[in-house]
Number of protein chains: 2
Amino acid sequence: MRGLDDTDREILRLLLADARRPFSDIAEQVDLSAPAVSDRVDRLSEMGVIRGFTVDVDRSLLHSGVPVLVEIDAEPGRAGAIRDALADVEAVEHVFRTADSRVTLTATVPQSAVPSFLDSHLDFEDVQRYDVRLVADTEWTPGLGTADFAPDCAECGNTVDEEGVRSTLDGDPYYFCCGSCEARFVEQYETLKEEA
Amino acid sequence: MRGLDDTDREILRLLLADARRPFSDIAEQVDLSAPAVSDRVDRLSEMGVIRGFTVDVDRSLLHSGVPVLVEIDAEPGRAGAIRDALADVEAVEHVFRTADSRVTLTATVPQSAVPSFLDSHLDFEDVQRYDVRLVADTEWTPGLGTADFAPDCAECGNTVDEEGVRSTLDGDPYYFCCGSCEARFVEQYETLKEEA
DNA sequence: CGTGAAAGGCATTAGCC
DNA sequence: GGCTAATGCCTTTCACG
């Protein structure tokens with residue numbers, strides 16, 4: 001399994017800065033041909049490193065409501081359910097689940113709905129406490145650092161190294177530290193899918 | 001000053017989902033010609049609604065460290081300074097400042113640096129309390145809702161309506177509720193620029 | 001993994017309504 | 001503002017190393 005090299009990182013950095021920059025342009029910067037860049041972008045997409053291409057929209061110009069940041073302390077084991085319920089809400093943009101059963105999210109909601117917008121989306125059985133804060137400003141700096149490719153094994157959670165394998169299940173890439181983890185995962189995956 | 005119509009919103013929505021989708025494709029969806037879509041995208045860029053095009057990178061696959069979410073309670077009036085100091089840190093991706101002197105940020109830091117990475121970037125005189133949490137997972141759903149275009153006047157802060165004006169200063173768009181606000185702002189801008 | 005050449009698709013311009 | 005037609009660029013495919 002291949003990781004990322006400096007060229008991959010440079011391509012990512014250039015695309016982060018401007019995702020519509022022509023590949024031929026990028027090719028020149030990284031000393032490759034345009035098809036080579038195209039191939040690498042494809043590979044990064046297959047790997048799941050590139051999830052997609054988007055627009056950076058300045059939401060501060062689009063008053064569809066008030067930006068809020070919500071902190072939710074979940075009942076033990078219920079943070080995942082809360083995250084799933086909220087991620088699908090149209091007004092919600094970011095959802096962060098932290099290891100300590102806390103879910104933090106940002107959303108833009110109509111002024112009048114600030115106190116109540118969670119009511120219809122949250123099962124309060126799952127919630128210990130929550131807090132809605134008004135967002136004053138937001139910064140987003142899509143950087144990369146010296147990022148290296150080192151996914152977690154989907155089965156056991158260990159870091160996957162060069163020995164690892166990738167499987168594509170229903171179009172999504174999964175990584176495994178070894179063949180037996182892969183086999184175990186795929187088997188369970190198939191079973192769950194059959195049941196559904 | 002023109003705002004956003006349904007077609008603009010639909011274009012934004014389509015681009016949010018896939019910024020490389022061909023304009024001819026988008027054109028078909030919104031019942032326009034490709035050049036018309038191109039013109040609208042240009043206009044949205046000039047307005048500052050579209051800040052740029054980027055890649056959605058899955059940072060959970062790029063272990064340059066551990067994803068953390070940090071909550072900082074600032075001393076009164078110091079939240080802005082904290083935000084500015086942290087926004088420039090390479091490892092930091094999102095910074096949210098809420099109205100109650102709280103700064104919430106996400107970052108990816110080397111395992112060993114989790115407890116200490118803030119030390120070099122934070123003036124602890126400004127901090128009442130802070131908390132570093134490990135992020136288990138992240139969701140990002142760039143949605144739009146029924147977003148309408150209503151920027152704040154750069155001079156007085158009031159919402160700008162159709163009567164408002166746009167000025168472009170050094171390539172960046174600024175909005176004003178009226179001509180006198182614009183004049184005042186531009187004058188101050190020029191002065192500050194001369195001094196620098 | 002990479003290249004260069006060719007083909008096909010796409011954004012953009014120009015002229016017009 | 002929008003359209004159609006035409007131009008020129010960009011991505012992608014292909015054959016090859």
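Note that the coordinates shown come from a computational prediction; the quantities given were computed from them, not determined experimentally. Each chain gets a letter, A, B and so on, in the order its sequence line appears, and its residues count up from 1.
As a member of the Ile/Leu/Val/Met/Phe/Trp/Tyr network built from side-chain separations under 4.5 Å, A:I82 groups with A:V66, A:V68, A:V70, A:I72, A:L86, A:V89, A:V92, A:V95, A:V103, A:L105, A:V109, A:V114, A:F117, A:L118, A:L122, A:F124, A:V127, A:Y130, A:V132, A:L134.
For A:A85, there are no side chain to side chain contact (heavy atoms under 4.5 Å, CB included) partners two or more places apart in sequence or in a different chain. For A:Y189, the ring-ring contact (aromatic ring centres under 6.0 Å, His included) test picks out no residue, with sequence neighbours left out. Residues that satisfy the side chain to side chain contact (heavy atoms under 4.5 Å, CB included) test with A:E182, not counting sequence neighbours, are A:V165, A:S167, A:F176, A:V186. Here B:Y174 pairs with B:F185 under the ring-ring contact (aromatic ring centres under 6.0 Å, His included) rule; sequence neighbours left out. Take B:D39 and apply the side chain to side chain contact (heavy atoms under 4.5 Å, CB included) test, not counting sequence neighbours, and it matches no residue.
Looking only at side-chain heavy atoms (C-beta outward), B:V57 and A:L16 come within less than 4.5 Å of each other.
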Can you give one letter per nucleotide of nucleotides 5-10 of chain C, going 5' to 3': B for a protein heavy atom under 4.0 Å from the base, S for sugar-phosphate only, - for none?
-> B----S

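Against DNA chain D, the stretch residues 36-57 of chain A makes heavy-atom approaches under 4.0 Å through A:S38.
Reading DNA chain D from its 5' end, the first and the last nucleotide to sit under 4.0 Å from a heavy atom of chain B are D:dG1 to D:dT11.
Within the structure, side chain to side chain donor-acceptor pair (under 3.5 Å) pairs that include any residue of residues 77-88 of chain A comprise A:R78-A:D126, A:R83-B:D137 (at least two apart or interchain). Legend: side chain to side chain donor-acceptor pair (under 3.5 Å) pairs involving residues 116-125 of chain B, not counting sequence neighbours: none detected.
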Could you tabulate the donor-acceptor pairs under 3.5 Å formed by side-chain atoms of residues 18-30 of chain B, not counting sequence neighbours?
{"residue": "B:D18", "atom": "OD1", "partner": "B:R20", "partner atom": "N", "Å": "3.0"}

